[in-house]
Protein chains: 2
Amino acid sequence: MNLTPNLTSFVMHFGEMGSRWGFNRTVGQMYALLVISAEPLTANDIAETLNISRGNVSMGLKELQSWQLVQVSHQPGDRKDYFRAIGSIWDMAKRVMEERRKREIDPTLSLLRDVLLDKPSNSQEQHAQQRLQEIHDLLESVTKWTNELQRLSPDNLNTLLKLSSGVGKVLDMKDKFIGKEERKESR
Amino acid sequence: MNLTPNLTSFVMHFGEMGSRWGFNRTVGQMYALLVISAEPLTANDIAETLNISRGNVSMGLKELQSWQLVQVSHQPGDRKDYFRAIGSIWDMAKRVMEERRKREIDPTLSLLRDVLLDKPSNSQEQHAQQRLQEIHDLLESVTKWTNELQRLSPDNLNTLLKLSSGVGKVLDMKDKFIGKEERKESR
DNA sequence: TATAATTTTCAGAAATTACTGAAACTTCAA
DNA sequence: TTGAAGTTTCAGTAATTTCTGAAAATTATA
């Protein structure tokens with residue numbers, strides 16, 4: 001397959017950025033390619049278009065599948081595997097959020113929990129634990145948020161994102177609302 | 001300086017995670033060390049405690065300063081530089097968010113803007129641009145959100161984080177509320 | 001200004017990570 | 001079964017990143 005210069009530069013750029021997003025250059029390129037492609041592609045299409053080895057493509061696709069960012073599909077009467085990027089932009093965003101949480105936050109959270117179980121044995125530990133507790137609490141809140149976001153419908157996600165300049169407003173709403181809800185519930 | 005086993009394991013863990021968070025192992029360890037330390041440390045303290053070379057510490061501290069995560073300070077009558085992690089957990093969280101946005105989102109956003117300026121020259125580009133437009137819009141919203149979050153006081157950030165499980169509720173109510181607010185404002 | 005204390009730089013070594021391509025494996029159809 | 005079409009694996013190599021340590025630079029003090 002041949003890409004226009006414009007699209008090539010996007011694909012290459014995504015490769016460069018790849019490392020900052022947690023996968024390597026070629027995986028980034030492969031994903032970009034799949035995202036912009038109207039049709040599903042075979043591993044060979046990808047290897048050719050990007051000029052990388054067939055073996056590398058196989059490994060890269062495995063990685064992308066582990067992120068649940070690409071899906072295999074098949075064409076009738078053709079036994080090759082065809083790959084495409086999963087669903088909507090929201091699906092992608094959710095998956096990336098989820099995977100990064102798993103890789104970047106969960107392990108630390110679990111270590112922190114362990115460390116915080118021990119009683120501090122001296123003033124150095126005493127002080128350290130205070131900081132670690134703060135980090136723990138923050139990460140735990142972030143985790144809750146991402147869980148919550150996972151559950152929202154695309155519609156609500158959209159609303160929430162567009163609401164940005166209204167974070168202040170959201171906070172205001174919360175007071176009134178939560179207040180109301182709680183009063184209602186406790187009645 | 002000597003760390004208890006517990007703290008050592010935290011520092012080492014932070015090193016391992018470092019790469020997932022955008023800096024290398026030793027930079028991660030250095031930061032962890034500074035975060036849990038009650039007193040500011042000299043570059044030599046750090047090199048000794050972590051068993052890494054003085055030169056490496058110097059480069060690492062530069063990196064951490066570029067993230068604005070550590071500050072230099074001085075002790076009267078001592079010309080050594082002392083380093084400490086910046087302020088509160090919120091300061092840290094904000095800085096990390098900000099830096100990651102700069103490194104992970106901004107460059108892509110700017111490339112996307114460029115690519116989207118060109119009129120699609122064929123149906124391949126046509127389709128690609130649609131997807132790119134979606135990605136662009138999403139990233140732009142995320143950017144706005146992070147800007148908004150930067151401005152919030154620790155108090156409000158706290159409230160917002162704690163709100164997580166209520167996001168759904170708030171969104172449901174949103175229509176009524178935004179309606180109400182706007183009516184109020186336009187009066 | 002000289003020198004001692006401290007920090008930074010950077011060339012090369014070490015460690016890590018990514019990539020290739022040929023061989024092994026799997027799957028399907030005849 | 002056999003073999004053709006396709007995929008995966010993985011040992012070895014290439015590329016990249018990180019780290020060291022000695023030399024250069026900086027800064028304060030006498």
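What you see is a predicted model, and the numbers here were worked out from it, not measured in a lab. Every chain is numbered from 1, with letters handed out A, B, ... down the list of sequences. The figures here come from the full heavy-atom set of this structure, side chains too, leaving out hydrogens, waters and symmetry mates.
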Practice task
Could you list the residues that satisfy salt bridge (Lys or Arg N to Asp or Glu O under 4.0 Å) with Glu48(B), not counting sequence neighbours?
Solution key: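 Salt bridge (Lys or Arg N to Asp or Glu O under 4.0 Å) list for Glu48(B), sorted by chain: empty.
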Practice task
Return the set of residues passing salt bridge (Lys or Arg N to Asp or Glu O under 4.0 Å) with Asp91(B) (not counting sequence neighbours), or none when no residue passes.
Solution key: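 Listed in chain order: nothing, the list is empty.
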Any side-chain heavy-atom pair from [X] and [Y] closer than 4.5 angstrom?
| X | Y | answer |
| --- | --- | --- |
| Ile46(B) | Gln29(B) | no |
| Ile36(A) | Val11(A) | yes |
| Ser19(B) | Arg25(B) | no |

Handout entry: All side chain to side chain donor-acceptor pair (under 3.5 Å) counterparts of Trp90(A), not counting sequence neighbours
Key =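 So Trp90(A) forms no side chain to side chain donor-acceptor pair (under 3.5 Å) with any residue.
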Practice task
Using side chain to side chain donor-acceptor pair (under 3.5 Å) as the criterion, list what pairs up with Arg101(B), not counting sequence neighbours.
Solution key: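 Expected list: Glu98(B), Asp106(B), Asn147(B).
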N/O donor-acceptor pairs under 3.5 Å from side chains in residues 107-116 of chain A, not counting sequence neighbours:
from: Thr108(A); atom 1: OG1; to: His13(B); atom 2: NE2; distance (Å): 3.0
from: Arg113(A); atom 1: NH1; to: Glu140(A); atom 2: OE2; distance (Å): 2.7

Problem - Stepwise side chain to side chain donor-acceptor pair (under 3.5 Å) check, Asn156(B) with Thr159(B) - result: CA-CA 5 Å; Asn156(B) 276 337; Thr159(B) 310; 4.5 Å; no
Handout entry: Interface with DNA chain D, restricted to residues 8-26 of chain B and to heavy atoms under 4.0 Å
Key =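 The answer is Asn24(B), Arg25(B), Thr26(B).
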Practice task
Mind jotting down which residue pairs meet the salt bridge (charged side-chain N to carboxylate O under 4.0 Å, His left out) criterion with at least one end in residues 68-83 of chain A? Sequence neighbours excluded, please.
Solution key: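 Listed once each, the pairs are Asp78(A)-Lys80(A).
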Practice task
Any salt bridge (charged side-chain N to carboxylate O under 4.0 Å, His left out) involving residues 118-136 of chain A? Give me the pairs, sequence neighbours left out, ordered by first then second residue.
Solution key: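 Those involving residues 118-136 of chain A are Arg131(A)-Glu134(A).
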Practice task
Rounded to 10°, tell me the angle between the two end axes of the helix from dT1(C)-dA30(D) to dA30(C)-dT1(D), each built from five pairs.
Solution key: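 Here the local axes at opposite ends form an angle of 10°.
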Practice task
Applying ring-ring contact (aromatic ring centres under 6.0 Å, His included), name anything that partners Phe14(A), two or more places apart in sequence or on another chain.
Solution key: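 Phe10(A).
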Problem - Contact boundaries on DNA chain C for chain B, cut-off under 4.0 Å to non-hydrogen atoms - result: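 Here the contact window of chain B covers dA4(C) to dC10(C).
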Strictly under 3.5 Å: I want the nitrogen or oxygen pairs between protein and nucleotides 2-9 of chain D, one per line.
from: dA5(D); atom 1: N3; to: Arg79(A); atom 2: NH2; distance (Å): 3.0
from: dG6(D); atom 1: OP1; to: Lys80(A); atom 2: NZ; distance (Å): 3.2
from: dT7(D); atom 1: OP1; to: Asp81(A); atom 2: N; distance (Å): 3.1
from: dT7(D); atom 1: OP2; to: Arg54(A); atom 2: NH2; distance (Å): 2.9
from: dT8(D); atom 1: OP2; to: Ser58(A); atom 2: OG; distance (Å): 3.1
from: dT9(D); atom 1: OP2; to: Lys62(A); atom 2: NZ; distance (Å): 2.9

